[in-house]
Colleague: 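One structure is given below, represented as structure tokens, and several questions about it will come after.
One-based numbering, in listed order, for ligands and for the atoms of each. All residue numbers in this chain count up from 1 along the given sequence. In what follows, every heavy atom counts, from backbone to side chain, and hydrogens, waters and symmetry copies are set aside.
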Amino acid sequence: MTTKTRQPIYVTKPFLPPLEEYVRYLEGIWENGVLTHNGPLLQRLERELAAYLGLQDLVCLSNGTIALQLAIRALKLQGEIITTPFSYVATAAAIAWERCTPVFADVDPETFNVDPRKIEERITPRTTAILGVHVFSNPCHVQAIDAIAKRHGLKVIYDAAHAVAVRTGGRSVLEYGDVSAVSLHATKLLSSAEGGGCAARDPELLRTIRQLRFFGFDEAKETVGEGMNGKMSEISAAMGLANLKWLDRIIANRRSKYGIYQQLLAGTPGLGFQRFDPDAYNYSYLPVVFDSEERLLKAVAALHADGIFPRRYFHPSLNTIPHYRQEGLPLSERLARTILCLPLYDGLPEADIERVCAGVKAA
Ligand code: T4K
């Protein structure tokens, strides 16, 4: 008798372009010997990605965390920045690393995004900005946040780590706020292995971010100001370019797998999905919410026993981390305890989706 070993199913699996397509970019690097420092592939990725997203310009960086930090630097923020406690730890870390204080406002438990009404309650004389996160690519309530920012003279940054290729209100979600920061990490929809970027409508801000990412040098390297190293290498830019060509297909594929999950899990008692506009979403994650943490843990145990590894994005709620401790955020705390991201990636077979759903339902 033969026993077939089943491959583990992880929460995600990076999309990899056909190897020969990536190698073609590498051959160019081998010919010109340029590995980094504003090389031709970086410039091409910035051009092609901006065009794909319908933006005038965009700056590519070493990762999404640096993108947030450089956005904070370029806007010269100090004091308190109001943000969401329901995010990856990088959001709060970027604020704190830039010597500002993250102040958390509670979330809308259906959209998972920061609730604009709660933002207003947290404003103090020390507040300088709002940093919203488009959680799992679901756009924040950008009009409401914009109105609050205008009323109180605040800057707006969006952590769009998940939200590449999302459009809302007839334009890219990256066009809202003063600066949007994306991640091009291996686990993201569009990957350059490690990478990130900043979008902004003000070309002067983008020029500042370009300078900040390169030790403070201007493009001609004639003057040097404040800066550090936030550069993306040519090796990463090559991966970004090779993947960009496939992005429409990646999104369509994930959307259809998301639909299969919805069908299979529809009507499961005590289980809910994120509320979003299907046309303003990129299907990069598959979050489900249980009616209790106990039930979530049962589902996780059942899935682990079957070699399936979902992830608790985002657990714990950031305000419960000792470093960032703040009280009065019950909705985020509950959401963080009861949410689970199920496997979703290009190439995930339907039979595996059925296995995942069976494990979830068993709980
Ligand atoms: N803001 C938000 C809202 C974010 O979610 C993030 C990052 C950031 C800002 C910061 O952006 P970056 O500075 O990272 O560009 C992942 C990612 O590291 C992180 O980018 C992401 N958010 C976060 C939500 O998730 P982990 O700890 O889950 O990664 P890991 O290594 O456990 O990978 C998950 C699964 O993916 C593994 O089970 C297997 C698979 N995998 C992963 C990698 C890295 C692969 O098959 N191949 C791989 O190379 O953090």
Colleague: Does Asp346 have any side-chain contact (heavy atoms from CB on, under 4.5 Å) partners at least two apart in sequence or in another chain, and if so, which?
Modeller: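 With neighbours one apart ignored, the set is Phe15, Arg249, Ile250, Asn253.
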Colleague: Is the distance between the ring centroids of Tyr258 and Phe276 under 6.0 Å?
Modeller: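 They qualify: ring centres under 6.0 Å apart.
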Colleague: Show me the short polar-atom pairs for ligand 1: any N or O of it lying under 3.5 Å from a protein N or O, with distances only.
Modeller:
unit_1: ligand 1; atom_1: 1 (N); unit_2: Asp159; atom_2: OD1; d: 3.2
unit_1: ligand 1; atom_1: 1 (N); unit_2: Asp159; atom_2: OD2; d: 2.7
unit_1: ligand 1; atom_1: 5 (O); unit_2: His162; atom_2: NE2; d: 2.8
unit_1: ligand 1; atom_1: 13 (O); unit_2: Gly64; atom_2: N; d: 3.3
unit_1: ligand 1; atom_1: 13 (O); unit_2: Thr65; atom_2: N; d: 3.0
unit_1: ligand 1; atom_1: 13 (O); unit_2: Thr65; atom_2: OG1; d: 2.6
unit_1: ligand 1; atom_1: 15 (O); unit_2: Gly64; atom_2: N; d: 2.9
unit_1: ligand 1; atom_1: 15 (O); unit_2: Ser183; atom_2: OG; d: 2.7
unit_1: ligand 1; atom_1: 18 (O); unit_2: His185; atom_2: NE2; d: 3.4
unit_1: ligand 1; atom_1: 20 (O); unit_2: His185; atom_2: ND1; d: 3.4
unit_1: ligand 1; atom_1: 20 (O); unit_2: Lys188; atom_2: NZ; d: 2.8
unit_1: ligand 1; atom_1: 22 (N); unit_2: Lys188; atom_2: NZ; d: 2.9
unit_1: ligand 1; atom_1: 27 (O); unit_2: Arg311; atom_2: NH2; d: 3.3
unit_1: ligand 1; atom_1: 28 (O); unit_2: Arg311; atom_2: NH2; d: 3.1
unit_1: ligand 1; atom_1: 28 (O); unit_2: Tyr313; atom_2: OH; d: 2.4
unit_1: ligand 1; atom_1: 32 (O); unit_2: Arg311; atom_2: NH1; d: 2.7
unit_1: ligand 1; atom_1: 32 (O); unit_2: Arg311; atom_2: NH2; d: 3.4

Colleague: Take Tyr285 and Val135, measure what side-chain contact (heavy atoms from CB on, under 4.5 Å) needs, and give me the verdict at the end.
Modeller: CA-CA 10 Å; Tyr285 291 87; Val135 175; over 6 Å; no
Colleague: By salt bridge (charged side-chain N to carboxylate O under 4.0 Å, His left out), which residues pair with Arg325, not counting sequence neighbours?
Modeller: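 In terms of salt bridge (charged side-chain N to carboxylate O under 4.0 Å, His left out), with neighbours along the sequence ignored, Arg325 is linked to no residue.
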Colleague: Not counting sequence neighbours, which residues clear side-chain contact (heavy atoms from CB on, under 4.5 Å) with His141? List them please.
Modeller: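 Pro116, Gln143, Ala144.
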Colleague: Tell me whether the guanidinium CZ or amine NZ of Arg311 lies under 6.0 angstrom from the six-membered ring centre of Tyr10 and within 45° of its axis.
Modeller: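 Ring-cation test returns no.
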